[in-house]
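What follows is a set of notes on a single structure, which appears directly below.
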Amino acid sequence: MRESALLEIEGLTVRLASGAARPVLDGVSLRVAEGETVGLVGESGSGKSVTGRSVLGLMPDGAEVTGSVRVAGRDVLALPPARLREVRRREVAMVFQDPRASINPVRRIGDFVTEGLRAGGTPMRAALKAAEELLESVGIEQPRRALRRFPHEFSGGMLQRVMIAGALAGGPRLLLADEPTTALDVTTQAEVISILTRLQAERGTGMLFVTHDLDLAAAVCDRIYVMYAGRIVEEQTTDGLFAHPRHPYTAGLLAATPRLESDEPPRGVPGRPVSLAEDPEGCAFAARCRFAAPGCAAERPPLRPVDGVSVACLRAEELVHD
Amino acid sequence: MTAVALRRRRMLRRLHGGDALQTAALIVLAVIVLVAALAPWIAPHDPNGLDLSAALGGASGDHPLGTDESGRDVLSRMIYGARTGLLGPLVVVAVSTVLGAVVGVTAAWCGGWVDALLSRAMDLVFALPGLLLAIVLVAVFGPGLTAPIAAMSIAYVPYVGRLVRNVAVQEATRPYIQSYRVQGWSGWTICLRHLAPNIAPLVLAQSAMNFGYSLMDLAALSFLGFGVQPPDSDWGAMINNGASALLQGAVLPALAPGAAIVVAVVAFGIVGEGVADRVAKREA
Amino acid sequence: MTEQPVLAVEGLRKTFGDHAAVDGVSFTVPPGGSLAIVGESGSGKTTTARMLVGLERPSAGRVLVCGTDRTSPPRGRRSRLARARDVQMVFQDPYLSLDPRVTVAGAVEEPLRLHFDLDQAARHARRDELLDRVGLGEREAAALPRRLSGGQRQRVALARALAVEPKVLVLDEATSALDVSIQAQIVELLRELRATLGVAFVFVSHDLSLVRHVADDVLVLRRGRAVESGRAAAVLAAPEHPYTRLLLDSVPRRGWDPARIAADRRALA
């Protein structure tokens, strides 16, 4: 009874031109339904950001790409540039990690927020009116004056709100948030997240929330995909993931996260992540896995349903983590 | 680095396949150096041998690039000219690089009034045209290569010094330099053993480009008659001599050394940019 | 009879122009103790750390290690080396804190050569011991930093700092640039080192949930001033200052209510 998804990535494989041993993305499939908030969690080099950017049709230079990325039914990887621009303007918007690097420093806030609207043919006056309302809704005081200010007059947290306003200006159906609060302080993070989730709920926007922080994803998302070395290793509802992680890597991540409410010190996952120069046969996590069996290093486990969740682990049935 | 320059560089690379252009420039430089080193053996004629009967002869089997107004073989003079053409810039670049590095690192490391003093001093030298300084020195010490080379060495110090200072200021705030301070090393040791070697590639890239520029400046001085004195051959002086021949319809005596200067300067520029590119890539 | 603290800081203050980055901060660390200095950006925590190791000169106040004042800059080689043996530091960014041209073995040998009069064999033995202690082997020892991952580099930085045998080790967000699975490895290592070496730790961090697992005492800074201090377990369990409470509430977790935190934050400002 799966209705057609807002975002549907299928078998996305991205191989860099510059002779890396393993693909950056290896058969990634994920979906985000209309209005749903989905987390994409992984550590550095897992491919989570490349996946996020692929939705906008942004690929690393000279990459070899197979698979499809469908936004509202249209494959953005196959669209001609003009249509792709239209998708970026109307359907998908992105909130980047570092607002200061992503907003043109020499143009006014008003220009940034109204850019998309004006490109879509909205007259200047109406666009400014809309921008003012948007800035107010993200909690910027004196929004009319803020429109005439420059990015350097704002703190990082305020600027990230401006970026959210700009992203929502075109009324997108899907929001991509790529580590939107990583550059911010914890208390500011809470504020930005509260604005982001409130507006998203009000507008019924779907969101793909890309982050390295499992707990932050848990606080924001309904469902979480976990990535490791360019592949999705587990997909579950947030509650399920925290109660019963099925993949040893997810369990390891959870045990490695320091917790306020527990006396248990964080336990590290031994070894180190797979670099792009290595391409282990079989499960990429096997070398770091406590539960690795002889078969793990030989056979690459596919993502498959086990007890109603998706796991890419040969021993998923026998192992229960908590 | 401006975006435009970057884009242009990227375009160049696409046009020439990047490395091919680099290789070609390096080969050109190697050839020039070899020619200069082997001049006595490969020059077909005595560069100073007069033969007024053959004056302004065009290209021929005996004189591939013809002869000048005194009947001297242009090719042989060019081959010998490569010696002065390379030696001068070599001294200029060596002296200005060492001095510039010392001044720049000192300014960056000490900061405060030392930095202010050295930076303003460099601005002062910057404001003084190198050619003018050279002409003044020639007036004081007499013509010849020494005065122009000394003047150019000083005139090029701020190019290196400013770059070194700016890079070193940034480098000094990096945690690895700071951790050496915390370990208890002296400023001297840190600068000499860690800071200088790490910024060296960038400085060398600038110096490679300076080599080309100073070659051009010294040639200009010789052209004006302040540098190499007759009968010694020098590309700049040859253009000067050839200028009058142009009026008589002989193009080669002026064109050949001119082309040599352009080729050498461009080759040094490309190599310098290549080094800079590689440094940028390593940093990224 | 109270033990003399290994590190004592009294009324530390640092101004940049009109702005006081650190304003009257005092604390002590007992021998082998572990203090976490917690705050957000602009709280003055990093400036405090830099004053502890002498990278920044305090505008006022004193820093004492084992009762010896080290506030003013050192004079001469002897005092410079003595200062270095008091306090060492591990920096946040593992990609910038090692000289890219020096091998791992070299990076650990350098401080040994500077501080101890060892012959080559003894120096190599000590180097290998230090690298082994932080979990690095021969292969890593021969490598240049660029061959290493972030976690491995941070291990090198630790070995290099411990080579000096400091009384106090300052860790400035030393794990925050690392992935969680690697961060936990380093935290485990730090706990182990503290237990075996008896060196006192000063953690500078923004991450309260991490602090709970590495520090005995905690000092919360806000805009250059200390707002709360005490035993880490007590402060984190029952914070007294509303700012500490806000920081604790801000740590994301399941069932987290960011809207309420945002309201609390505005009430506090």
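In the text below, chain A, chain B and the rest are named by the order of the sequence lines, each starting its count at 1. Below, all heavy atoms of this structure are taken into account, side chains as well, without hydrogens, waters or symmetry copies.
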Using a 4.5 angstrom heavy-atom cutoff, name the option from A/Leu216, A/Thr257, A/Thr238, A/Leu253 with the most pairs to chain C.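 Maximum pair count with chain C is reached by A/Leu216.
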Set of side-chain contact (heavy atoms from CB on, under 4.5 Å) partners for C/Phe16, sequence neighbours left out: C/Lys14, C/Ala21, C/Thr47, C/Glu56
Pair [X]-[Y], side-chain donor/acceptor within less than 3.5 Å:
X: A/Gln236; Y: A/Arg223; answer: no
X: A/Glu278; Y: A/Ser275; answer: yes
X: C/Tyr243; Y: C/Arg223; answer: no

4.5 Å side-chain heavy-atom contact, A/Thr211 and A/Leu40: no
Is there a side-chain contact between C/Gln154 and C/Phe91, using heavy atoms and a 4.5 Å cut-off? no
What closest approach, in Å, do A/Val210 and A/Ser49 show between heavy atoms, and which atom pair accounts for it?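 Scanning both residues completely, I find the closest heavy atoms to be CG1-N, 4.2 Å.
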Measure distances from [X] to the heavy atoms of chain A and classify the residue's part below 4.5 Å as side chain, backbone, both or neither.
X: C/Arg253; answer: both
X: C/Leu210; answer: both
X: C/Leu148; answer: backbone

Per-residue contacts, residues 178-197 of chain A versus chain C, heavy atoms under 4.5 Å: A/Asp185, A/Val186, A/Thr187, A/Thr188, A/Gln189, A/Ala190, A/Glu191, A/Ile193, A/Ser194
For the side chain of A/Ser262 and the backbone of A/Arg259, is there at least one donor-acceptor N/O pair under 3.5 Å apart?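 No, the answer is negative, given that no donor and acceptor are paired below the 3.5 Å cut-off.
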Closer than 3.5 angstrom, by distance alone: can the side chain of A/Glu234 be matched with the main-chain N or O of A/His247 as a donor-acceptor pair?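 Yes; judged by distance alone, with no hydrogens or angles, the pair exists.
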If contact means a heavy atom pair closer than 4.5 Å, which residues of residues 179-195 of chain C contact chain A? C/Asp179, C/Val180, C/Ser181, C/Ile182, C/Gln183, C/Ala184, C/Gln185, C/Val187, C/Glu188, C/Arg191
Could you have a look at C/Ser209, C/Ser250, C/Gly135 and say which one has the most heavy-atom pairs with chain A under 4.5 angstrom?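 Sorted descending by pairs with chain A, the first entry is C/Ser209.
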Which answer fits A/Asp239, side chain, backbone, both or neither, if we ask what part of it has an atom under 4.5 Å from a heavy atom of chain C? both
A/Arg198 versus chain C, heavy atoms under 4.5 Å apart: side chain, backbone, both or neither? neither
The criterion is ring-ring contact (aromatic ring centres under 6.0 Å, His included); which residues satisfy it with C/Phe201, sequence neighbours excluded? C/Phe203
Does the cation-pi check pass for A/Arg315 over A/Phe291, that is, NZ or CZ under 6.0 Å from the six-membered ring centre and within 45° of its axis?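 No, A/Arg315 does not lie over the aromatic ring of A/Phe291.
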Check ion pair C/Asp264-C/Arg260 (N to O, under 4.0 angstrom): yes
Lys/Arg N to Asp/Glu carboxylate O, C/Arg231 vs C/Asp217, below 4.0 Å: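 Here C/Arg231 pairs with C/Asp217 in a salt bridge, since their nearest N and O are under 4.0 Å apart.
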